[in-house]
Amino acid sequence: MSIVTEIASAATSTIKELYQAEFISSDIIVNLTKPEFEGDYTIVLFNLTKQLKKSSEVAGNEIGNHLLQKHPGLFTSFNVIKGFLNVIISDSYWIDFLQKNYNSSLYGISEKKGKKIVVEYSSPNSNKPLHLGHLRNNFLGWSAAEILKAKGNEIIKTCIVNDRGVHICKSMLAWKLFANSATPESTGIKGDHFVGDYYVKFNDEYKKQVNELSENGMAKEEAEKEAPVMKAAQQMLLDWEAGKPDTVELWQMMNNWVYKGFEETYKRIGSDFDKIYYESETYLLGKNFVEEGLRKGVFYKKEDGGIWIDLRAEGLDEKIVQRKDGTGLYITQDIGLAVNKYEEYKFNQSIYVVGDEQNYHFKVLKLICQKLAIPAAQNMYHLNYGMVELPGGKMKSREGTVVDADDLIDEMLVIAQQKTEALGKVKDFTEEELHHLYQVIALGALKFFLLRVHPKKRMIFNPEESIDFHGFTAPFVQYTYARIKSIFRKQSAVSSEQSAVSSRQSAVGSQSPVDSQQQSELLPLEKELIIHLEQFSAVINEAAIELDPSKIAIYVFNLAKTFNSFYTEHSISNAESEEKKALRLQIAQLTAHVIKTAMKLLGIDVPERM
RNA sequence: GGUCCGGUAGCUCAGUUGGAUAGAGCAUCAGCCUUCUAAGCUGAGGGUCAUUGGUUCGAAUCCAAUCCGGAUCACCA
């Protein structure tokens with residue numbers, strides 16, 4: 001039980017005993033006391049006093065006294081200011097908490113509960129490389145999965161690759177027209193970039209043709225339809241759907257180039273999937289449900305043969321689910337995929353990590369699934385996030401104005417190397433260790449940068465301003481971790497020399513009243529750190545409920561910040577007494593553990609030295 | 001036009017189940033390396049919480065209206 005719930009429930013029973021008034025713990029608001037007042041936690045009385053028919057001054061004192069009497073181990077004193085009851089938690093409570101947890105490798109992690117959750121994320125197109133927007137998606141999806149795992153859920157990570165459609169045919173066509181049989185191997189270009197280049201080439205050619213046609217007097221709209229490359233791409237899609245061998249072969253070859261490139265990038269950024277779905281295999285799945293929907297009267301057929309659903313009662317529009325030519329649409333295949341996934345995994349919840357431009361789509365999808373009474377409709381959740389934009393506006397892969405994922409990571413690596421070298425602290429590192437360190441710092445900085453803001457906020461990324469390594473960043477937190485590890489390295493070097501008194505053993509073993517007496521005078525920064533550490537589970541909980549990794553990022557940053565103040569203010573190795581030293585080593589150990597665990601929830605590694 | 005999301009310091013963002021004098025980072029300025037790693041620490045300046053009205057002991061937070069920015073409302077995915 002967290003300290004906050006403990007206080008709330010103590011207050012609840014106190015109020016019941018004193019006034020026979022029935023409140024539940026959640027009625028009692030318990031906050032951290034503001035620094036300018038004396039106290040650790042504050043119980044807000046305003047909302048209670050009306051019902052108690054007492055002034056908050058009187059009630060606060062009565063409640064405070066009663067709490068002290070009933071829970072002498074928990075509270076040591078209190079004060080009442082206006083409607084606020086500030087309580088001070090006893091040092092022994094905090095020391096007890098620290099003793100119990102400082103050496104627990106699972107601190108903060110919940111036991112398995114067996115709830116099964118499918119997280120679908122990444123979802124790339126196979127006609128272009130991953131860009132900054134995908135990175136936000138990947139980091140968010142990965143982190144959300146880790147956070148849910150930490151709450152004891154079983155997670156299945158899935159990905160749907162959009163590997164078919166006219167946009168795929170566009171790069172195929174451009175390759176046929178312009179490549180002269182060049183391949184990633186022959187050019188030395190990474191496969192996904194190679195194919196992406198042809199996608200851009202297609203659009204260049206298309207624009208050119210539209211312009212030519214317009215200049216010859218054709219209306220722009222018509223020119224866009226009549227441009228030969230566009231018509232050829234559409235023909236290619238028909239060929240593909242008809243299974244024309246050379247088209248399918250070309251499609252497979254080019255997709256494989258892309259997948260090889262993706263694999264490399266995913267490995268770099270640490271994304272993985274338990275199951276990859278390909279749209280080419282799922283795009284026909286939803287059609288069965290069109291039939292069913294018609295039978296159930298959920299859908300209806302219009303005169304031209306198109307099949308629709310009317311969602312106007314739900315405040316939406318009419319939506320087509322099957323074209324008049326009998327083919328399905330995006331929404332149709334998503335219904336099919338949802339059912340497919342459910343049959344495969346029988347999940348309790350299904351999370352889709354997809355940009356907020358598709359909010360409408362997922363609203364409709366859920367509604368349709370509900371109306372069709374598909375079990376997969378239960379607990380379908382769209383984890384949406386804001387687009388990443390450039391100062392000049394949206395990124396457009398057609399126009400080549402994207403921040404490429406691979407390029408960005410390379411750039412971050414260079415910066416990590418430069419900054420590290422400038423500090424000159426890694427002279428004894430091997431090549432391999434350096435390489436690993438740069439990787440940890442560069443990717444950490446990037447992930448933290450994209451995860452530290454609330455998912456819903458759209459963000460503007462300015463490539464001119466490189467990502468900072470100071471302040472609210474991963475390197476800051478990583479540095480704090482490395483500092484702590486450094487202390488322990490030196491400590492174990494010392495303690496192996498003087499084997500008589502191992503400070504850690506003396507800490508755990510010391511049960512004598514003298515020791516606890518001395519230990520129980522926590523300095524403000526010591527207490528502040530322990531209070532921070534105690535909040536970890538509550539923060540994970542909040543992050544899991546809201547599916548919001550930024551909560552973790554903010555928390556771990558504040559923890560590191562508090563530790564750094566503590567570190568500057570008080571010596572650990574040369575503490576005033578052996579008891580203090582033992583206590584501080586425990587605090588440091590738990591801090592390191594929480595930093596490492598929290599960062600892992602963000603998909604970020606921490607270095608032992610930096 | 002309908003629906004949804006956002007607007008908090010120069011910039012990037014916390015804070016929104018209503019609680020005390022609205023907080024961080026960056027940037028700016030002033031200090032701190034003879035002591036466990038200065039990618040650090042300490043301090044200063046910087047605010048009409050978009051606007052107006054309402055609800056109440058109390059509003060950045062809830063309600064209404066307005067303004068600004070974005071997304072979406074495709075027989076594209």
Side-chain angles (χ1 to χ4, degrees), chain A residues 26 29 31 33-34 36-37 42 44-47 49-50 56 81-84 86 123 125 160 162 164-168 279 283 302 304-308 315-325 327-331 333-334 355-361 363-364 384 386-387 389 393-394 416 419-420 422-423 425 441 445 449 452-454 456-460 462 465 468-480 482-491 494 550-551 553-554 557-558 560-561 563-575 581 584-585 588 609-610:
Chain A
S26 56
I29 299 164
N31 296 323
T33 302
K34 297 233 166 198
E36 55 270 31
F37 298 96
T42 298
V44 182
L45 302 170
F46 293 105
N47 51 336
T49 44
K50 203 175 247 175
S56 41
I81 299 170
K82 293 200 266 178
F84 301 99
N86 302 318
S123 310
N125 291 322
I160 170 85
N162 177 223
R164 62 162 283 280
V166 73
H167 54 297
I168 308 293
E279 206 183 288
Y283 81 110
K302 285 201 177 176
D304 64 3
I307 297 176
W308 294 72
L316 305 175
D317 293 318
E318 288 178 294
K319 180 91 186 171
I320 186 159
V321 295
Q322 181 173 298
R323 294 187 186 97
K324 60 178 177 247
D325 65 7
T327 55
L329 296 108
Y330 180 37
I331 193 83
Q333 73 185 19
D334 257 7
D356 63 9
E357 55 191 356
Q358 294 198 31
N359 285 357
Y360 184 79
H361 170 77
K363 220 171 175 178
V364 171
N384 61 51
M387 296 283 98
E389 294 176 20
K394 277 186 96 163
K419 300 221 173 192
T420 307
L423 291 167
K425 290 196 280 196
I441 294 174
F449 180 82
R452 69 182 192 179
V453 305
H454 192 281
K456 279 214 164 70
K457 291 230 174 181
R458 81 196 158 92
M459 53 198 305
I460 295 168
N462 190 345
E465 299 165 15
D468 213 311
F469 282 26
H470 303 274
F472 186 21
T473 67
F476 176 96
V477 179
Q478 291 169 324
Y479 178 67
T480 309
R483 271 176 148 184
I484 298 174
K485 294 316 254 188
S486 169
I487 295 170
F488 281 105
R489 272 194 302 277
K490 300 213 161 146
Q491 202 50 45
V494 170
S550 73
K551 294 262 186 309
I554 291 160
F557 168 67
N558 283 322
K561 211 158 89 82
F563 184 85
N564 283 332
S565 298
F566 166 77
Y567 177 92
T568 312
E569 195 73 21
H570 307 293
S571 178
I572 294 168
S573 307
N574 296 311
K581 180 174 168 182
R584 288 181 191 165
L585 281 170
R609 297 164 64 202
M610 72 185 275

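Only a predicted model underlies this, so the values are computations on that prediction, with no experimental measurement involved.
Figure legend. B:A60 is base-paired to no nucleotide; pairs are counted as Watson-Crick or G-U wobble with both atom distances under 3.5 Å. The base-pairing partner of B:U3, taking Watson-Crick or G-U wobble contacts with both distances under 3.5 Å, is B:A71. Figure legend. B:G46 is base-paired to no nucleotide; pairs are counted as Watson-Crick or G-U wobble with both atom distances under 3.5 Å.
Rounded to whole Å, atom P of B:G40 lies 12 Å from atom CD of A:Gln478. Summarising the geometry, the separation between CG on A:Asp304 and P on B:C75 is reported as 11 Å, rounded to the nearest angstrom. Going from atom CD1 of A:Ile487 over to atom P of B:U35 covers 15 Å, rounded to whole Å.
Here A:Arg323 reaches the OP1 or OP2 of B:C76: one of its side-chain N or O atoms lies under 4.0 Å away. Contact check, A:Arg489 against B:U37: no side-chain N or O comes under 4.0 Å of OP1 or OP2. Note on A:His361: every side-chain N or O is 4.0 Å or more away from OP1 and OP2 of B:A77. OP1 or OP2 of B:A20 lies within a sub-4.0 Å distance of a side-chain N or O belonging to A:Lys34.
In this model, no side-chain donor or acceptor of A:Thr568 finds a partner on the base of B:A38 within 3.5 Å.
Aromatic rings from A:Phe566 and A:Phe563 are positioned such that their centres are separated by under 6.0 Å.
Comparing B:G18 with B:C57, their C1' atoms sit 12 Å apart, to the nearest whole Å. To the nearest whole angstrom, the two P atoms, one in B:C68 and one in B:A50, are 16 Å apart. B:A24 and B:A20 have their P atoms separated by 15 Å, with the value rounded to a whole Å. Atom name C1', nucleotides B:A9 and B:G47: the rounded distance is 6 Å, in whole Å. For B:C67 and B:G53, the C1' atoms lie 15 Å apart once the distance is rounded to whole Å.
For the pair A:Arg452 and A:Phe557, the NZ or CZ position fails the cation-pi test of under 6.0 Å to the six-membered ring centre and within 45 degrees of the ring normal.
A:Thr420 places a side-chain N or O within donor-acceptor distance of the main-chain N or O of A:Ala416, the cut-off being under 3.5 Å. Put simply, the side chain of A:Arg584 gets close to the backbone of A:Ser571: a donor and an acceptor are under 3.5 Å apart.
The stacking criteria are not both satisfied for A:Phe46 over the base of B:G58, which would need a centre-to-centre distance under 5.5 angstrom and an angle between ring planes under 30 degrees. Stacking is not found between A:Phe557 and the pyrimidine-like six-membered ring of the B:A24 base under the 5.5 Å centre-distance and 30° plane-angle cut-offs. Put simply, A:Phe84 rests on the base of B:A20: the two rings are less than 5.5 Å apart at their centres and nearly parallel, under 30°.
Listed nucleotides B:A20, B:G70, B:A39 differ in distance to A:Arg458; the shortest reach to its side chain belongs to B:G70. Comparing B:C26, B:G40, B:A77 by their nearest atom to the side chain of A:Phe476 picks out B:G40. The listed nucleotides are B:A20, B:A77, B:C26; the one nearest the side chain of A:His470 is B:C26. For A:Lys457, counting side-chain heavy atoms from C-beta on, the closest listed nucleotide (B:G7, B:C75, B:C41) is B:G7.
Toward the 5' end of RNA chain B, the nearer of the two residues A:Val453 and A:Arg164, judged by each one's closest nucleotide, is A:Val453. The nearest heavy atom of RNA chain B to A:Leu316 and to A:Val44 marks one nucleotide each, and the one closer to the 5' end goes with A:Leu316.
A donor atom on one side chain and an acceptor atom on the other are found under 3.5 Å apart for A:Asn564 and A:Thr480.
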